[in-house]
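Below you'll find the structure, written out as structure tokens, and then a few comments.
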Amino acid sequence: MNNELDMNRIPQHVAIIMDGNGRWATERGKERSYGHQAGVEAVRRITSECTRLGVKYLTLYTFSTENWNRPADEISALMGLVLTSLEDEIFMKNNVRFRVIGDIKRLPAEVQQKLHETEEHTAKNDAMTMVVALSYSSRWEITNAVREIISENPQEITEETITKHLTTSFMPDPDLLIRTGGELRISNYLLWQIAYSELYFCDTYWPDFNEQELHKAIRSFQSRQRRFGKTEAQVEEEVKDEK
Ligand code: IPE
Ligand code: IPE
Ligand code: MG
């Protein structure tokens with residue numbers, strides 16, 4: 001089943017830009033919201049597989065700041081799906097902690113409430129943390145962080161204080177960023193945090209993304225050497241020393 005995955009080198013943090021729901025539905029002659037609904041099934045599959053593999057953080061781009069510019073009926077269908085898909089039972093069964101990042105205040109009140117409840121109910125689960133980015137954009141997040149630092153201590157604008165003021169301060173940076181749906185762009189997602197992430201793009205629309213596709217992405221990740229600015233030889237030396 002694992003198909004040659006190195007279980008000792010599973011990425012600790014996987015971030016995903018879940019793109020392609022609308023085109024998936026359009027190709028089937030359906031409404032775009034039908035694609036979003038199918039996307040929820042993919043979220044379930046991938047969350048459960050990530051937990052099984054030992055991924056510690058899964059960060060899912062679900063609704064961007066720019067997505068507020070979509071037609072009102074699509075936005076309300078998406079908000080409805082957020083409400084209905086947050087079932088405690090699934091998080092409890094998989095021992096998954098739920099967290100949300102983004103400009104939550106812009107969401108409908110009942111969605112905000114459901115998000116907070118789910119965070120509270122799942123706070124003690126510790127197999128994996130699933131983070132949903134909702135009304136999120138990286139530029140919003142960085143602007144917000146800088147504003148906070150200036151109001152607290154303007155002398156302290158360093159890489160560390162910026163990192164600490166981002167909404168992602170409770171987790172390490174992504175090791176692997178996956179984008180489904182064929183576009184080769186980042187669309188305002190985790191710009192600061194992916195400075196050294198490995199990037200993986202695939203054409204598969206999100207509703208069709210499955211365990212095999214996830215394994216393929218992780219195999220690609222495992223085949224790469226992360227150098228963080230050093231030379232190949234330096235990194236090989238470090239790996240030898242670790243053994
Ligand atoms: C991603 O799928 C989900 C959201 C952005 C909410 P899209 O809705 O962007 O699907 P496409 O890219 O139009 O196919
Ligand atoms: C990115 O997808 C946002 C999410 C997946 C939530 P978009 O479909 O909004 O991105 P663009 O507009 O194609 O860049
Ligand atoms: Mg899209």
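Side chains are part of it too, since the values below use all heavy atoms of this structure and drop only hydrogens, waters and symmetry mates. Just so you know, these numbers come straight off a predicted model, no measurement behind them. Every number for a ligand or one of its atoms is a count from 1 in the order of the listing.
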Aromatic ring pairing [X]/[Y], orientation class (parallel under 30°, perpendicular over 60°, tilted between):
X	Y	result
Phe209	Trp206	parallel
Phe63	Trp68	perpendicular
Phe228	Tyr196	tilted

Provide the number and element of each atom of ligand 1 under 4.0 Å from a heavy atom of [X].
X	answer
Arg32	7 (P), 8 (O), 10 (O), 13 (O)
Thr62	6 (C)
Arg23	11 (P), 12 (O), 14 (O)

**Item:** ligand 1 to Leu78 polar contact by distance, N or O atoms, under 3.5 Å
**Value:**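 Leu78 vs ligand 1: no N/O contact under 3.5 Å.
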**Asked** Any nitrogen or oxygen of Asn67, main chain or side chain, under 3.5 Å from a nitrogen or oxygen of ligand 1?
**Response** no
Atom [atom1] of [X]: over 12 foreign heavy atoms under 6.0 Å:
X	atom1	value
Arg28	CZ	yes
Phe201	CZ	yes
Glu31	CD	no

Can you tell me which residue and heavy atom of the protein come closest to [atom], and the distance to 0.1 Å?
atom	value
atom 10 (O) of ligand 1	Gly22 N, 2.9 Å
atom 7 (P) of ligand 1	Asp19 OD1, 3.6 Å
atom 1 (C) of ligand 1	Met18 O, 3.0 Å
atom 14 (O) of ligand 2	Ser187 OG, 2.6 Å

**Gly181 heavy atom under 4.0 Å from ligand 1** = no
**Item:** Per atom 6 (C) of ligand 2, closest listed option by heavy atom (Tyr61, Trp206, Tyr189)
**Value:**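 When every heavy atom of Tyr61, Trp206, Tyr189 is considered, Tyr61 comes closest to atom 6 (C) of ligand 2.
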**Message:** Looking only at N, O or S atoms in Asp19, which is nearest to the Mg ion (ligand 3)?
**Reply:**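 Asp19's closest N, O or S atom to the Mg ion (ligand 3) is named OD1.
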**ligand 2 atoms in contact with Phe63 (distance to a heavy atom under 4.0 Å)** =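 That gives atoms 6 (C) of ligand 2.
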**Request:** For Arg179, counting its heavy atoms only, list the atoms of ligand 2 lying under 4.0 Å from any of them.
**Result:**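 Close to Arg179: 2 (O), 10 (O), 11 (P), 13 (O), 14 (O).
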**Asked** Can you tell if the side chain of Ile157 reaches within under 4.5 Å of the side chain of Ile150, non-hydrogen atoms only?
**Response** yes
**Message:** Any non-hydrogen side-chain atom of Leu58 less than 4.5 Å from a side-chain atom of Cys50?
**Reply:** yes
**Message:** Under 4.0 Å from atom 12 (O) of ligand 2, is there at least one protein heavy atom?
**Reply:**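 Given the 4.0 Å cut-off, atom 12 (O) of ligand 2 does not count as touching protein heavy atoms.
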**Prompt:** Could an N or O of ligand 2 be found under 3.5 Å from any N or O of Ser64, whether backbone or side chain?
**Reply:** no
**Request:** Looking only at distances, please establish whether an N/O atom of ligand 2 is found under 3.5 Å from an N/O atom of Arg70.
**Result:**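 It does: an N or O of Arg70 is found under 3.5 Å from an N or O of ligand 2.
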**Request:** Apply the test side-chain contact (heavy atoms from CB on, under 4.5 Å) to residues Lys164 and Ile149: give CA-CA distance (whole Å), side-chain angles for both, the deciding distance (0.1 Å), then the verdict.
**Result:** CA-CA 10 Å; Lys164 219 174 72 196; Ile149 300 171; over 6 Å; no
**Prompt:** Same hydrophobic cluster for Leu81 and Val100, using side-chain heavy-atom links shorter than 4.5 Å among ILVMFWY?
**Reply:**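 Shared cluster, no.
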**Asked** Which residue, Arg97, His13, Lys56, forms the side chain to side chain donor-acceptor pair (under 3.5 Å) with Thr129?
**Response**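 Filter result, single survivor: Arg97.
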**Request:** Indicate if the distance from the Mg ion (ligand 3) to the nearest N, O or S atom of Glu183 falls below 2.8 Å.
**Result:**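 Glu183 does not place any N, O or S atom closer than 2.8 Å to the Mg ion (ligand 3).
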**Asked** So is Arg185 in contact with ligand 2, going by heavy-atom distances below 4.0 Å?
**Response**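 Arg185: in contact with ligand 2 (<4.0 Å).
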**Request:** Go through the side-chain N and O atoms of Glu238 and Gln234 and say whether any donor and acceptor fall under 3.5 Å apart.
**Result:** no
